[in-house]
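See below for the structure under consideration.
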Amino acid sequence: MTDKNKTAISAEDAEAHKEKMKAQQGEHRAKMREKEKAERGLLLVHTGDGKGKSTAAFGTIIRALGWGWNVGIVQYIKGTWKTGEKEFFKRFDDLVTMKTMGDGFTWDTQDKEQDIASARKAWIESKAMMSSGDYDLVVLDELNIVLRNNYLSVEEVLDGLADRHVDTDVIVTGRTAPQALMDAADLVTEMTMIKHPFEAGIKAKQGIDY
Ligand code: ATP
Ligand code: MG
């Protein structure tokens, strides 16, 4: 073997090595991207007319608390009512911050201007929670109802969700989720009403409904 040949083989080797390294680097980058994808905060939407949308969000909060996560909750629409979930989360006030829109059910207040103002206030709270990086999980309970009533625009809500901290998971609940919100979500679950005690004249029950 001449020196010339030897050099040629080395150059080939070097080229092959370079290719191998490039492929490995590509693989590593793809893995990192997958990891980033898996670890970024997700947007979950619970919608549909069956019962269980808020319940499922509260169930997820229990999971999150099990891992010591910080959780923020903003309840739209529902106001001053005493609920089991509120009483429960009070026991976890080191991890859970719960804000309520505060004016009671919209059909009680009969004041659209006031409803819009409180929706806006709750949205400002929600945006602050989502962008702060202080919360691992933020639940925007019944936000879809506010959107359906046009108290907030879908565009500004989508902007606020997009601006959230990269690690923050968000759950939005409520019947009639707008299509654009479902398009932006990572997960959409639709609860289907097969049967509800309300139809048999059974009223909302403590411990089951509130
Ligand atoms: P929950 O908070 O019990 O998980 P939800 O979030 O799926 O219910 P909402 O649309 O927020 O449902 O309704 C709030 C209240 O209305 C709850 O008390 C719930 O039991 C009741 N409800 C839910 N679905 C129905 C239904 N199909 N018919 C009548 N009442 C319902
Ligand atoms: Mg609900």
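Index from 1, following the sequence. First listed ligand is number 1; within each ligand, the first listed atom is number 1.
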Item to check | Sidechain N-carboxylate O distance under 4.0 Å for E156, R120 | outcome: yes
Checklist entry - Which atoms of ligand 1 are found less than 4.0 Å from any heavy atom of R175? => result 10 (O), 22 (N), 23 (C), 24 (N), 25 (C), 26 (C), 27 (N), 31 (C)
Item to check | Which segment of K51 sits under 4.0 Å of ligand 1 when only heavy atoms are counted | outcome: both
Next on the checklist: Between T173 and the Mg ion (ligand 2), is there a contact where an N/O/S atom of the residue lies under 2.8 Å from the metal?
Outcome noted: no
Checklist entry - By salt bridge (Lys or Arg N to Asp or Glu O under 4.0 Å), which residues pair with K90, not counting sequence neighbours? => result E87
Next on the checklist: Please name the atom of E142, limited to N, O or S, that comes nearest to the Mg ion (ligand 2).
Outcome noted: OE2
Checklist entry - Side chain, backbone, both or neither: which part of M191 comes within less than 4.0 Å of ligand 1 when only heavy atoms are counted? => result neither
Item to check | Shared hydrophobic cluster for I124 and M130 (ILVMFWY, side-chain gaps under 4.5 Å) | outcome: no
Next on the checklist: Test your reading of the model: is there a side-chain donor-acceptor pair from T173 to the backbone of E142, 3.5 Å cut-off?
Outcome noted: yes
Next on the checklist: Going by ring-ring contact (aromatic ring centres under 6.0 Å, His included), name the pairs with one or both residues in residues 120-145, residues two or more places apart or in two chains.
Outcome noted: none
Checklist entry - ligand 1 versus D49, non-hydrogen atoms closer than 4.0 Å: side chain, backbone, both, neither? => result backbone
Item to check | Residue S54 vicinity, atoms of ligand 1 by number, heavy atom under 4.0 Å | outcome: 2 (O), 4 (O), 5 (P), 6 (O)
Checklist entry - Counting only heavy atoms, which portion of K53 has something under 4.0 Å from ligand 1: side chain, backbone, both, or neither? => result both
Next on the checklist: Could you check whether any side-chain N or O of Y76 sits under 3.5 Å from a backbone N or O of I145, counting only pairs where one atom can act as donor and the other as acceptor?
Outcome noted: no
Checklist outcome for this item: Checking heavy atoms under 4.0 Å, the part of E142 that sits near ligand 1 is side chain
Next on the checklist: Looking only at side-chain N and O atoms, does D141 offer a donor or acceptor that is under 3.5 Å from a partner on S54?
Outcome noted: yes
Next on the checklist: Tell me the contacting part of A204 for ligand 1: side chain, backbone, both, or neither, using a 4.0 Å heavy-atom threshold, strictly below.
Outcome noted: neither
Checklist entry - If you count the atoms of ligand 1 from 1 in the order shown, which ones are under 4.0 Å from a heavy atom of F198? => result 29 (C)
Checklist entry - Counting both backbone and side chain atoms, is some N or O of I208 under 3.5 Å from an N or O of ligand 1? => result no
Item to check | Straight-line distance of L181 CG to L143 CG, nearest 0.5 Å | outcome: 7.5 Å
